[in-house]
*Asks:* 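This is the structure I want to talk about, given as structure tokens.
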Amino acid sequence: MAKIRAAVIGGGIIGLAVARELLHRMDAVEVTLFEKETRVAAHQTGHNSGVVHAGLYYPPGSLKARLCRRGVTLLQQYAENKGVAYEECGKVVVAHDSSEVARMDAIFDRAVANGVPGIRKVAGEKIPEIEPHARGVAAVHSPHTAIIDYVAVAEALAADIAAAAGRVLLGREVVGLDSRTAETVVTTGQGSEVFDLVVTCAGLQSDRVALMSGEPRSPRVVPFFGDYFLLEPERSSLVKGLIYPVPDPRYPFLGVHLTKRIDGRIMLGPNAFLSFGREAYDRRGWSASDVMSAVGFPGFWRFAVHNTAAAVREARTVLSTGQFVKEAQKYVPDVRRSDVTRGPRGIRAQAMNADGSLEDDFVITGSERVIHVRNAPSPGATSSLAIAEHVVTEVLARATT
């Protein structure tokens with residue numbers, strides 16, 4: 001029996017999980033993963049807060065809701081099996097004032113509908129029993145929300161692929177996808193190879209990779225950076241776990257929150273503002289082609305017109321460390337400007353439609369032979385192993401029809 005030749009494009013946590021799942025569930029398969037960087041997890045996987053989301057926010061029945069809950073179970077099991085640090089530090093979503101309570105209650109209802117374990121409401125005076133320095137009029141407590149080292153998970157997945165005789169090719173940027181009648185040619189700077197199946201998980205470059213195979217450019221990736229600040233180590237006791245605001249539907253992004261990392265450091269952030277490059281982690285970095293891709297997209301301007309208030313709010317935190325800290329002080333008043341130092345920057349691959357709307361759910365498109373993971377924002381890392389299950393189930397279903 002001839003082996004199925006499968007390629008995965010993208011060495012972030014989702015691409016690695018898909019490659020591993022293909023090897024585990026398909027008979028007679030050869031898997032090659034292409035990653036343009038010289039290491040795995042170089043972009044969104046290695047530039048996030050490390051939170052394992054429990055599934056509080058997502059519409060019940062949505063792909064996000066289903067794959068997040070399944071993903072938590074798989075990720076916790078995988079971390080235990082591989083010796084990757086995993087801590088259920090818990091999370092409180094805090095209503096700052098009475099105007100936020102109804103929205104907080106709606107989050108609680110969604111969490112219950114999504115089967116989030118241990119979820120409960122907390123009166124304002126009881127919040128310090130969970131987070132001694134946090135303040136608010138009420139909160140939702142998710143005791144099983146966790147933190148993890150996603151880079152360590154990605155490296156373990158890469159090792160699994162190699163152990164199963166798969167190939168992880170680093171420094172191989174895919175520059176062409178040519179779909180023919182029964183096969184697809186993947187071209188990199190080092191040459192071309194022919195495959196029976198291709199799955200793309202290209203994150204910040206997902207729209208460009210999809211375009212190579214004839215997919216529509218929309219939804220377009222518009223990158224938004226998020227800056228983090230770090231509390232000085234001696235002030236880490238101000239936060240025991242995760243302290244989040246109640247999302248405001250007027251804004252497309254969550255806003256500044258306080259997050260414990262798996263190494264014990266406390267991060268404040270992120271904010272969210274248009275990035276001048278899809279991979280511009282250096283604050284002075286930019287890419288002319290990425291800027292033109294964003295500002296030349298009519299959907300971006302339609303989005304901007306309807307989100308000027310959000311832009312003003314986020315711009316304040318970009319321009320002023322004091323304003324950034326002030327957002328965090330709404331929930332932990334004891335945080336001082338002198339307590340923080342500038343930390344890392346992440347960049348979110350935000351999929352945007354031509355009408356200016358944001359793609360909120362996971363988006364997976366393509367044909368029988370070429371499947372594209374077009375949009376996998378938070379909780380994408382949490383859901384990675386479940387997304388891989390979903391994609392490979394789809395591959396197997398298409399192969400039998």
*Asks:* With the threshold set at 4.0 Å, does a side-chain nitrogen-carboxylate oxygen contact exist between E87 and K260?
*Replies:* yes
*Asks:* Please report the shortest heavy-atom distance between A85 and I262, naming the atom on each side.
*Replies:* CB-CG1, 3.6 Å
*Asks:* How many angstroms lie between OG in S384 and CZ in R20, if you round to the nearest 0.5 Å?
*Replies:* 10.0 Å
*Asks:* Do other residues, nucleotides or ligands put more than 12 heavy atoms under 6.0 Å from H306 NE2?
*Replies:* no
*Asks:* Could you tell me whether a side-chain N or O of D263 sits under 3.5 Å from a main-chain N or O of R265, the two making a donor and an acceptor?
*Replies:* yes
*Asks:* State, to 0.1 Å, how close V94 and Y331 come at their nearest heavy-atom pair, and which atoms those are.
*Replies:*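 Result for this residue pair: O-CE2, 3.6 Å.
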*Asks:* State whether K121 and D105 are salt-bridged, where the test is any N-O pair (Lys NZ or Arg NE/NH1/NH2 against Asp/Glu carboxylate O) under 4.0 Å.
*Replies:* yes
*Asks:* What I want to find out is whether R278 reaches D207 closely enough, with some N-O distance under 4.0 Å, to be called a salt bridge.
*Replies:* yes
*Asks:* Quick one, F34 with E193, criterion side chain to side chain contact (heavy atoms under 4.5 Å, CB included). Give me CA distance, side-chain angles, the key distance, then yes/no.
*Replies:* CA-CA 11 Å; F34 296 94; E193 293 189 51; 4.1 Å; yes
*Asks:* Look at R235 together with E232 and state whether they make a salt bridge at an N to O cut-off of under 4.0 Å.
*Replies:* no
*Asks:* Do W286 and S275 make a side-chain contact, defined as non-hydrogen atoms from C-beta onward lying under 4.5 Å apart?
*Replies:* no
*Asks:* Checking E35 side chain against E37 main chain: does a donor-acceptor pair fall under 3.5 Å?
*Replies:* yes
*Asks:* Find the distance between CG (D149) and CD (E155) and round it off to the nearest 0.5 Å.
*Replies:*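 Taking CG in D149 and CD in E155, the distance rounds to 7.5 Å.
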*Asks:* With a 6.0 Å cut-off (strictly less than), is the heavy-atom count around CZ of R103, excluding the residue itself, greater than 12?
*Replies:* yes
*Asks:* Could you go step by step and tell me if T187 and D178 meet the side chain to side chain contact (heavy atoms under 4.5 Å, CB included) rule?
*Replies:* CA-CA 8 Å; T187 300; D178 181 12; over 6 Å; no
*Asks:* What I'd like to find out is whether the side chain of N375 reaches to under 4.5 Å of the side chain of P219, using heavy atoms alone.
*Replies:* no
*Asks:* Out of curiosity, D160 CG to Y78 OH, how far, rounded to the nearest 0.5 Å?
*Replies:*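 D160 atom CG to Y78 atom OH measures 3.5 Å (nearest 0.5 Å).
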*Asks:* Just how far is it from atom CZ of R167 to atom CZ of R172, taken to the nearest 0.5 Å?
*Replies:* 7.5 Å
*Asks:* Please examine the side chains of K330 and P245, heavy atoms only from C-beta on, and report whether any two atoms are closer than 4.5 Å.
*Replies:* no
*Asks:* Taking atom CZ as the centre, does R316 end up with more than 12 heavy-atom neighbours from other residues, nucleotides or ligands that are less than 6.0 angstrom away?
*Replies:*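 No, the 6.0 Å shell around CZ holds no more than 12 heavy atoms from other groups.
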*Asks:* Can you name the closest pair of heavy atoms from S293 and R217 and give their distance?
*Replies:* OG-NH2, 3.2 Å
*Asks:* Would you say the side chains of S49 and Y150 form a donor-acceptor pair under 3.5 Å?
*Replies:* no
*Asks:* Roughly how far, to the nearest 0.5 Å, is NZ of K91 from OG1 of T259?
*Replies:* 8.5 Å
*Asks:* Testing the basics here: between P247 and I107, what is the closest heavy-atom pair and its distance to 0.1 Å?
*Replies:*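 The pair with the smallest heavy-atom distance is CD-CD1, 3.3 Å.
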*Asks:* When you look at F225 and N271, which way does the side chain to side chain contact (heavy atoms under 4.5 Å, CB included) test go after all the steps?
*Replies:* CA-CA 8 Å; F225 72 75; N271 50 13; 4.3 Å; yes
*Asks:* Going by atom types alone, do H372 and S213 pair a side-chain donor with an acceptor below 3.5 Å?
*Replies:* yes
*Asks:* Would you find a donor on one side and an acceptor on the other, under 3.5 Å apart, between the side chain of S383 and the backbone of P379?
*Replies:* yes
*Asks:* Got E279 and P223 here, is their nearest side-chain heavy-atom distance under 4.5 Å?
*Replies:*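 SC-SC contact between E279 and P223 ruled out.
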*Asks:* Just wondering, are more than 12 heavy atoms of other shown residues or ligands nearer than 6.0 Å to CD in E234?
*Replies:*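 Yes, CD of E234 has more than 12 neighbouring heavy atoms, counting only those of other groups under 6.0 Å.
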*Asks:* Given side chain to side chain contact (heavy atoms under 4.5 Å, CB included), test L177 with I9 step by step and report yes or no.
*Replies:* CA-CA 10 Å; L177 282 178; I9 299 173; 3.7 Å; yes
*Asks:* Are R25 and T393 close enough that a side-chain donor and a side-chain acceptor fall under 3.5 Å?
*Replies:* yes
*Asks:* Ring-plane angle category for Y281 and H47, please: parallel below 30°, perpendicular beyond 60°, tilted otherwise.
*Replies:*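 Parallel: the ring planes of Y281 and H47 meet at under 30°.
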*Asks:* Taking C-beta and beyond as the side chain, do P132 and K240 meet within less than 4.5 Å on heavy atoms?
*Replies:*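 Of all side-chain heavy-atom pairs linking K240 with P132, at least one is under 4.5 Å.
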*Asks:* Report the residue from L22, T184, V29 that forms a side-chain contact (heavy atoms from CB on, under 4.5 Å) with L197.
*Replies:*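 Option passing the side-chain contact (heavy atoms from CB on, under 4.5 Å) with L197: L22.
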*Asks:* For F300, I'd like to know if atom CZ has over 12 heavy atoms of other residues, nucleotides or ligands within 6.0 Å.
*Replies:* yes
*Asks:* Measure across R180 and V185 and return the closest heavy-atom pair with its distance rounded to 0.1 Å.
*Replies:* CZ-CG2, 3.4 Å
*Asks:* Quick check: do L169 and L33 have side-chain heavy atoms less than 4.5 Å from each other?
*Replies:*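 Heavy-atom side-chain distance check fails, nothing below 4.5 Å.
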*Asks:* Would you say V370 and E215 make side-chain contact, with heavy atoms under 4.5 Å?
*Replies:* no
*Asks:* With a 4.5 Å limit on heavy-atom distance, are the side chains of F273 and D227 in contact?
*Replies:* no
*Asks:* Can you tell me how far OH of Y57 sits from CG of N114, rounded to the nearest 0.5 angstrom?
*Replies:*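 These two atoms lie 12.5 Å from each other.
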*Asks:* For residues S236 and R261, is any side-chain donor paired with an opposing acceptor at under 3.5 Å?
*Replies:* no
